[in-house]
Amino acid sequence: MSSLGLKRLTSKIEGFQQQQFLLKTVRAGLIPDLSTWFIDGCFPVLLQERSLLLRKWYDLMIQNKDDLAKIITAESGKPLKEAQGEILYSALFLEWFSEEARRIYGDIIYTSAKDKRGLVLKQPVGVAAIITPWNFPSAMITRKVGAALAAGCTVVVKPAEDTPYSALALAQLANQAGIPAGVYNVIPCSRNKAKEVGEVLCTDPLVSKISFTGSTATGKILLHHAANSVKRVSMELGGLAPFIVFDSANVDQAVAGAMASKFRNAGQTCVCSNRFLVQRGIHDSFVTKFAEAMKKSLRVGNGFEEGTTQGPLINEKAVEKVEKQVNDAVAKGATVVTGGKRHQSGGNFFEPTLLSNVTRDMLCITEETFGPLAPVIKFDKEEEAVAIANAAEVGLAGYFYSQDPAQIWRVAEQLEVGMVGVNEGLISSVECPFGGVKQSGLGREGSKYGIDEYLEVKYVCYGGL
Ligand code: NAP
């Protein structure tokens with residue numbers, strides 16, 4: 001496979017029709033022969049023009065926001081309102097990086113040598129291969145591609161098998177915006193080809209950078225592939241977010257935060273709370289109010305129907321995982337407060353579920369759920385909660401609710417995660433750095449830091465002065 005090389009895998013953006021054709025071809029198990037085409041690794045326009053093109057792409061996303069949202073709902077099952085929110089969030093990365101493109105600065109350094117100056121240049125890394133998941137089929141692309149194009153790189157995007165159409169629609173709009181052919185490329189690919197395509201992307205000498213969002217297990221495979229040619233890598237991987245409610249918390253605020261953090265996209269977000277840790281004094285009140293809020297405000301159904309707040313899970317495997325975690329917890333002594341089984345609608349629908357009397361040995365505490373399951377552990381002391389929260393190999397997001405300022409500083413500093421929500425359940429924003437520590441990944445996306453992932457720092461020693 002790798003001998004076919006990237007040239008034969010990638011496609012010049014010539015519109016949606018060609019991408020549709022590619023999708024069918026690759027799904028049929030064939031690799032399209034596009035050997036007449038190649039990528040040169042550099043977005044061949046001046047900085048200001050790059051900025052304007054990204055801005056035009058943003059404008060087109062906003063003009064087409066309703067259609068783009070429908071595509072997301074159709075391919076992922078996400079409720080339309082959430083899909084509309086994702087499109088706005090997704091477009092904002094193009095806008096943000098259209099502005100950041102004009103703020104790539106170097107440095108001049110004075111050293112102890114009188115006749116020399118050090119110059120620091122920032123240059124695009126080259127072709128960036130981008131592999132994205134299905135849970136945010138648009139935003140996970142623009143968060144990377146916006147930064148890459150702003151830096152002056154070209155990209156090859158491999159979207160998830162379940163959600164190729166959002167990536168292709170973005171290609172159509174990139175075309176309309178006037179982004180030159182060969183700058184934003186998409187390789188839609190069936191799941192049984194993902195491994196081979198991933199290997200080509202991570203080993204081909206034409207590619208300088210890998211940016212991946214997905215599971216930690218896949219991230220490790222890609223890191224191995226990338227190691228041989230020592231490519232730059234960014235990894236946005238899995239999480240196991242703790243959500244801690246201390247006795248001093250405002251319970252109503254904590255419940256609102258828990259609802260937002262847990263049930264967005266049916267619990268299928270990497271930053272979604274996976275482990276609820278609630279202090280003894282406030283525990284019963286929190287569990288009662290959380291269950292009431294779930295019953296009152298969550299409605300499972302077709303994402304296109306008005307009022308639906310939770311669509312289906314992405315596939316049968318995802319439903320089986322939630323079911324297995326619930327059964328495991330109940331067998332080990334957990335109590336089902338609400339939900340607990342497949343939804344009566346059938347298919348990939350699962351009931352929003354709240355478990356209490358949960359212990360640390362249960363699967364729902366040790367492995368990422370990626371579904372609408374909220375397990376609650378009761379704790380006594382702050383140190384105990386922090387220890388449980390940090391007893392994970394991953395560290396993406398963490399949340400806690402407290403009205404005690406000293407405790408807020410202590411816990412925010414002690415949590416081993418890349419992002420902390422203090423009295424807040426929704427933390428993502430284009431202006432702030434997104435990313436994790438430990439096995440949750442490498443690098444940051446969005447914010448003023450995101451563009452650095454696509455820039456090389458070059459030092460020039462200027463002598464003879
Ligand atoms: P996944 O199985 O790792 O898939 C992600 C992407 O990698 C898909 O495009 C997939 O293609 C592809 N892929 C799978 N195996 C591959 C291989 N061996 N070589 C190359 N590509 C391969 O992850 P997922 O289950 O779809 O997504 C959920 C995970 O993503 C969760 O763990 C979640 O926490 C994480 N996530 C992290 C962030 C973050 O920013 N940190 C954001 C969103 C999601 P196919 O779809 O064709 O299999």
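Start at 1 and go down the list; that is how both ligands and their atoms are numbered.
- A donor-acceptor distance shorter than 3.5 angstrom exists from the side chain of Trp57 to the backbone of Leu170, with no hydrogens or angles considered.
- Here the side chains of Glu86 and Pro137 are in contact, with some heavy-atom distance below 4.5 Å.
- Proximity annotation for atom 11 (O) of ligand 1: of Lys158, Glu236, Met419, Glu161, Lys158 comes nearest, heavy atoms only.
- A 6.0 Å sphere centred on NZ of Lys332 holds more than 12 heavy atoms belonging to other residues, nucleotides or ligands.
- Between the side chain of Lys231 and the main chain of Asp204, a donor-acceptor pair closer than 3.5 Å is present.
- The shortest N or O to N or O distance between Leu237 and ligand 1 is below 3.5 Å.
- Looking only at protein heavy atoms, the nearest one to atom 7 (O) of ligand 1 is Phe212 CE1, 3.3 Å.
- The atoms of ligand 1 that sit less than 4.0 Å from any heavy atom of Pro159 are 9 (O).
- A side-chain donor-acceptor contact under 3.5 Å links Gln310 to the backbone of Phe350.
- Nearest protein heavy-atom neighbour of atom 24 (P) of ligand 1: Trp134 NE1, 3.6 Å.
- Among the atoms of Ser440, none of the N or O lies under 3.5 angstrom from an N or O of ligand 1.
- Protein heavy atom nearest atom 44 (C) of ligand 1, with residue, atom name and distance: Asn135 ND2, 3.4 Å.
- Under the 3.5 Å distance criterion, the side-chain polar atoms of Ser273 are left unmatched by any main-chain donor or acceptor of Ala241.
- Taking the six-membered ring for Trp and the full ring otherwise, the centers of Tyr89 and Phe136 sit at least 6.0 Å from each other.
- Taking every heavy atom of Gly198 and a limit of under 4.0 angstrom, the matching atoms of ligand 1 come to 20 (C).
- Formation of a donor-acceptor pair under 3.5 Å by the Lys262 side chain with backbone atoms of Leu373 is found in this model.
- Annotation for ligand 1: atoms under 4.0 Å from non-hydrogen atoms of Ile131 are 6 (C), 7 (O), 9 (O), 12 (C).
- Shortest contact from atom 13 (N) of ligand 1 to any protein heavy atom: Thr218 CG2, 3.8 Å.
- For Lys220, the heavy-atom gap to ligand 1 stays at 4.0 angstrom or more.
- Protein heavy atom in closest approach to atom 1 (P) of ligand 1: Ser215 OG, 3.6 Å.
- Other residues, nucleotides and ligands contribute more than 12 heavy atoms inside 6.0 Å of the NZ atom of Lys378.
- Looking at Cys202, Cys270, Gly418, it is Cys270 that brings a heavy atom closest to atom 37 (C) of ligand 1.
- Heavy-atom proximity to Phe370, at under 4.0 Å, picks out these atoms of ligand 1: 28 (C), 31 (C), 33 (C), 34 (O).
- For the pair Pro352 and Val300, the minimum side-chain heavy-atom distance is below 4.5 Å.
- Within the structure, ligand 1 has Leu222 among the residues with a heavy atom less than 4.0 angstrom away.
- Taking a 6.0 Å sphere around CD of Gln176, one finds it holds more than 12 heavy atoms contributed by other residues, nucleotides or ligands.
- Which parts of ligand 1 touch Leu396 is read off a 4.0 Å heavy-atom cut-off, strictly below it: atoms 41 (N).
- By the criterion of a heavy-atom distance under 4.0 Å, the side chain of Arg143, and not its backbone, is placed next to ligand 1.
- Among all non-hydrogen protein atoms, the one lying nearest atom 21 (N) of ligand 1 is Ala194 O, 3.8 Å.
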Practice problem: Take Phe434 and Tyr449 through the ring-ring contact (aromatic ring centres under 6.0 Å, His included) test and state the conclusion after the steps. | Solution: CA-CA 9 Å; Phe434 193 102; Tyr449 304 102; over 10 Å; no
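- Contact check for Met61 versus Ser138: side-chain heavy atoms found under the 4.5 Å cut-off.
- The shortest N or O to N or O distance between Ser190 and ligand 1 is not below 3.5 Å.
- Atom 40 (O) of ligand 1 is flagged as protein-proximal [any protein heavy atom, distance under 4.0 Å].
- Residues Glu445 and Ser211 meet the side-chain proximity criterion, which asks for heavy atoms closer than 4.5 Å.
- Protein heavy atom at the shortest distance from atom 9 (O) of ligand 1 is Thr132 O, 2.7 Å.
- Distance from atom 34 (O) of ligand 1 to its nearest protein heavy atom, with residue and atom name: Glu368 OE2, 2.6 Å.
- Taking the six-membered ring where the residue is Trp, Phe246 and Phe400 present perpendicular rings, their angle passing 60° and hence far from 30°.
- The distance from ligand 1 to the heavy atoms of Pro133 drops below 4.0 Å at these ligand atoms: 27 (O), 43 (C), 44 (C).
- Among Gly441, Gly214, Gly446, the residue whose heavy atom sits closest to atom 35 (C) of ligand 1 is Gly214.
- Atom NZ of Lys81 has 12 or fewer neighbouring heavy atoms from other residues, nucleotides or ligands inside a 6.0 Å radius.
- Applying the 4.0 Å criterion to heavy atoms of Lys195 picks out, from ligand 1, the atoms 17 (C), 18 (N), 19 (N).
- At a 4.0 Å heavy-atom cut-off, ligand 1 does not touch Glu445 at all.
- Neither the backbone nor the side chain of Ala217 comes within 4.0 Å of ligand 1, counting heavy atoms alone.
- Contact annotation: the side chain of Leu237 approaches that of Phe212 to within less than 4.5 Å [non-hydrogen atoms, C-beta and beyond].
- Using 4.0 Å as the threshold, Asp162 has no heavy atom nearer than that to any atom of ligand 1.
- Residue Thr213 approaches ligand 1 through these ligand atoms, each under 4.0 Å from one of its heavy atoms: 5 (C), 36 (N), 37 (C), 38 (C), 39 (C), 40 (O), 42 (C), 43 (C), 44 (C).
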